[in-house]
Amino acid sequence: MKSEPGSYSIDDLARDGKTAWEGVRNYQARNFMRDEMRPGDPVLFYHSNADPTGVAGLARVASRGYPDRAALDPSSPYYDEKATEEDPRWVLVDVEFVERFPGVVTLDDLRRTPGLEKMLVINKSRLSVQPVTDEEYRVVVELGRSL
DNA sequence: GCCAACGTTGGC
DNA sequence: GCCAACGTTGGC
C-alpha cells in the first residue's frame with residue numbers, strides 16, 4: 001500500500017497505531033481492498049513521491065473492506081459527487097502498524113534484487129494498492145530488516 | 001518543476 | 001464503442 005509520506009507516513013501510522021485507509025479513488029485499487037484483502041493480511045508500506053521512495057515498513061490489514069464515507073463529505077479532499085448513501089462507491093480497509101524498517105528499501109533496491117522483477121510497483125507504479133506474492137514479501141522484509 | 005504513463009470523461 | 005482531451009500520479 002502506497003502513501004506519500006508528506007500526506008501520511010509510516011511514522012504517522014506508528015503514532016496512530018491504526019488508521020482508515022481513506023481516499024483511494026482508483027477502481028483497481030478499490031477492488032483489491034473490497035475483494036482480496038482480509039484482516040491479518042501483511043502489508044508493505046511504501047512511500048511514494050518521497051526521498052527516498054520505497055518500502056519504509058510493515059503494516060497489517062485490520063478490517064474487511066467497508067465504505068469510504070469521505071466520498072460523501074463535501075468538505076473532504078476525497079469527496080466524490082457521484083457517491084451516495086446507497087452506493088458510496090469507494091471502499092477502504094483499516095490498517096495497523098507493525099514495524100518500521102531501520103531505513104527504506106528503495107525502488108532502486110527493488111529493481112536490482114533478484115526475485116522482485118515482477119513486482120507491480122516497478123512497472124505499474126501508479127496503482128496505489130497492489131498485490132505482492134508471499135515470496136516477494138519475504139524478500140522485501142529481509143532487505144528491510146538488514147538495512 | 002517537468003514530463004511520461006496512465007485512467008477517466010465525454011462527444012460523436 | 002471509439003478515441004481525443006484532460007487530469008492525476010509519481011519518478012526523476
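Numbered from 1 within each chain, the chains take letters A, B, ... in sequence-line order.
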### Message
Centre-to-centre under 6.0 Å for A/Trp21 and A/Phe45, is that the case here?
### Response
yes
### Query
Would you say the side chain of A/Ile10 lies within less than 4.5 Å of the side chain of A/His47, judging by non-hydrogen atoms?
yes
### Message
Quick check on DNA chain B: between A/Asn49 and A/Gln28, whose nearest nucleotide comes earlier from the 5' end?
### Response
A/Asn49
### Donor on one side chain, acceptor on other, A/Tyr66 and A/Asp94, under 3.5 Å
yes
### Message
Distance under 4.0 Å to a non-hydrogen atom of chain A counts as contact; along DNA chain B, which nucleotides mark the start and end?
### Response
B/dA5 to B/dT9
### Residues from residues 103-113 of chain A lying under 4.0 Å of DNA chain B - heavy atoms
none
### Task
Start with the C-alpha distance between A/Arg60 and A/Asp41, add both sets of side-chain angles, then the distance that settles salt bridge (Lys or Arg N to Asp or Glu O under 4.0 Å), and finish with yes or no.
CA-CA 6 Å; A/Arg60 184 186 302 122; A/Asp41 285 350; over 6 Å; no
### Message
Against A/Arg30, only a single residue in A/Asp68, A/Val129, A/Val91 fulfils side-chain contact (heavy atoms from CB on, under 4.5 Å); can you say which?
### Response
A/Val91
### Query
How bent is the helix from B/dG1-C/dC12 to B/dC12-C/dG1, comparing axes over its five end pairs at each side, to the nearest 10°?
10°
### Query
Looking just at side-chain N and O atoms, do A/Asp108 and A/Thr106 make a donor-acceptor pair shorter than 3.5 Å?
no
#### Entry: Main-chain N/O of A/Asp11 paired with A/Ser9 side-chain donor or acceptor, under 3.5 Å
yes
### Task
State whether the side chain of A/Ser125 and the backbone N or O of A/Val121 hold a donor-acceptor pair below 3.5 Å, judged by distance alone.
no
### Query
So, do A/Tyr79 and A/Trp90 have ring centers that fall under 6.0 Å from each other?
no
### Query
If we ignore angles and hydrogens, is there a donor and acceptor under 3.5 Å between the side chains of A/Arg89 and A/Tyr27?
yes
